[in-house]
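All ligand and atom numbering here is 1-based and tracks the order in the structure.
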Amino acid sequence: MIGIFDSGVGGLTVVKQVISALPQYKIVYFGDTARVPYGNKSPEIIKKYSQQDLEFLLKKGAQLIIIACHTASAIAADFLREKYPAVPIFDVVRPGLDQANQVTRNYRIGIIGTENTVKSGAHKRYLKEINPQVQVFYQACPLLVPLAEEGWIKRQETRRIVRYYLKSLKKNKIDTLVLACTHYPLLAKVIAEVAGRSIKVVDPAQEVAIQIKEYLQENPIVAGKLTKSGQRHEFFASDVSDKFKDISHKVLGDKVNVRSVDII
Ligand code: DGL
């Protein structure tokens with residue numbers, strides 16, 4: 001199976017893209033809803049939680065892991081790869097940046113994410129590695145996760161807050177904006193409207209699905225081990241709230257049967 005984990009419900013935006021790019025494989029998802037958010041926790045705790053999330057998915061039979069959470073990707077991906085060298089582990093930081101690097105014309109790229117994602121500097125390091133010409137402009141947007149979870153997608157208040165967050169990025173003349181948080185695709189429409197036509201908005205979830213598809217084509221042995229999706233996808237969360245059910249319905253369309261699990 002393809003194992004996907006996130007700090008909560010937002011990672012379902014990644015599940016959606018993976019199902020659409022790789023409909024033939026079964027997915028097992030874990031959302032750590034009891035301990036969300038990761039965005040404001042210490043790096044040590046994020047690494048510890050991420051390792052527990054990954055262990056749970058491996059026990060469920062995952063052969064390939066996607067870290068859907070940007071905060072966990074920025075802080076714990078290399079740590080997990082070192083601990084589990086035999087497991088293919090994908091994060092959501094690099095694919096979005098590869099795409100942003102292809103899209104930008106003026107080499108000025110904006111990154112929006114949680115406080116921790118911004119503080120990690122992971123995006124800046126990777127972009128400098130692949131293209132030293134690129135200038136990176138960060139903006140932490142801590143209010144966007146709760147707004148997305150509350151379903152305040154079309155509210156004027158949300159538009160105003162997005163306008164506030166994008167102000168300095170626009171002033172810095174970015175032409176590309178990376179949605180470096182699982183929840184932001186839920187607000188993609190208002191973010192794109194506020195950003196305006198001169199800024200291309202990149203959703204890393206789409207690119208991660210494409211990169212995994214390519215990886216599986218090049219690694220048929222791993223692909224052969226993955227369970228085909230004749231069986232239903234499995235969804236687990238450490239706390240199954242009505243909000244989780246609501247958002248999963250919004251993101252994945254049909255009713256998702258989420259089971260509660262204690263992973264500690
Ligand atoms: N999943 C987190 C991320 O993508 C957002 C929610 C949180 O802070 O845990 O960064």
Side-chain angles (χ1 to χ4, degrees), residues 3-18 29-54 57 65-77 79-80 89-97 100 110-124 126 138-153 158 161-162 165 177-188 191 201-209 235-239 241 243-244 246-248 250-251 263:
I4 303 180
F5 77 84
D6 178 41
S7 57
V9 69
L12 293 175
T13 57
V14 176
V15 171
K16 186 178 174 187
Q17 298 298 338
V18 174
Y29 180 83
F30 175 70
D32 198 4
T33 42
R35 302 189 292 192
V36 70
Y38 285 9
N40 55 9
K41 295 205 168 59
S42 70
E44 291 67 35
I45 283 290
I46 293 166
K47 284 181 191 163
K48 182 175 153 184
Y49 288 0
S50 300
Q51 188 174 358
Q52 290 169 341
D53 302 345
L54 178 137
L57 293 175
I65 299 289
I66 305 173
I67 309 173
C69 176
H70 288 260
T71 307
S73 290
I75 287 165
F79 162 80
L80 292 176
I89 299 176
F90 288 82
D91 65 67
V92 282
V93 169
R94 294 171 188 205
L97 298 179
I111 311 283
I112 52 174
T114 64
E115 296 277 5
N116 262 330
T117 296
V118 166
K119 260 196 246 154
S120 76
H123 297 77
K124 203 173 205 161
Y126 182 64
Y138 276 116
Q139 177 66 53
C141 306
L143 293 173
L144 297 192
V145 167
L147 288 170
E149 293 216 341
E150 285 305 321
W152 282 32
I153 312 269
T158 305
I161 290 167
V162 170
Y165 282 143
L177 177 66
V178 180
L179 305 182
C181 176
T182 48
H183 286 62
Y184 301 172
L186 298 168
L187 302 171
I191 292 172
V201 176
V202 171
D203 174 4
Q206 291 169 359
E207 187 61 22
V208 79
F235 296 90
F236 295 91
S238 44
D239 181 29
S241 61
K243 200 180 278 174
F244 190 104
D246 268 10
I247 301 181
S248 56
K250 250 182 225 147
V251 176
I263 63 157

Is Cys69 close to Tyr38 at the side-chain level, that is, under 4.5 Å between some pair of heavy atoms?
yes
Distance to 0.1 Å, residue and atom name: give those for the protein heavy atom nearest to atom 6 (C) of ligand 1.
Ser7 OG, 3.6 Å
Any atoms of ligand 1 less than 4.0 Å from a non-hydrogen atom of Val36? List them with their elements.
9 (O)
Within-4.5 Å side-chain heavy-atom neighbours: Pro204 and Val178:
yes
Which protein heavy atom lies closest to atom 10 (O) of ligand 1, and at what distance to 0.1 Å?
Thr71 OG1, 2.6 Å
For ligand 1, indicate whether the residue Thr114 contacts it via side chain, backbone, both or neither (heavy-atom separation under 4.0 Å).
side chain
What protein heavy atom lies closest to atom 8 (O) of ligand 1? Include the residue and the distance to one decimal.
Gly39 N, 2.9 Å
Taking 4.0 angstrom as the limit and counting only heavy atoms of Cys181, give me the atoms of ligand 1 inside it, by number and element.
3 (C), 4 (O), 5 (C), 10 (O)
Please indicate whether Lys48 has more than 12 foreign heavy atoms, meaning atoms of other residues, nucleotides or ligands, lying under 6.0 Å from its NZ.
no
State, with a plain yes or no, whether a side-chain heavy atom of Leu186 is found less than 4.5 Å away from one of Val251.
yes
Any atoms of ligand 1 less than 4.0 Å from a non-hydrogen atom of Asp6? List them with their elements.
1 (N)
Short question: side chain of Tyr29, backbone of Gly11 - any donor-acceptor pair under 3.5 Å?
yes
Pairing of Asp53 and Arg35 as salt bridge, 4.0 angstrom limit:
yes
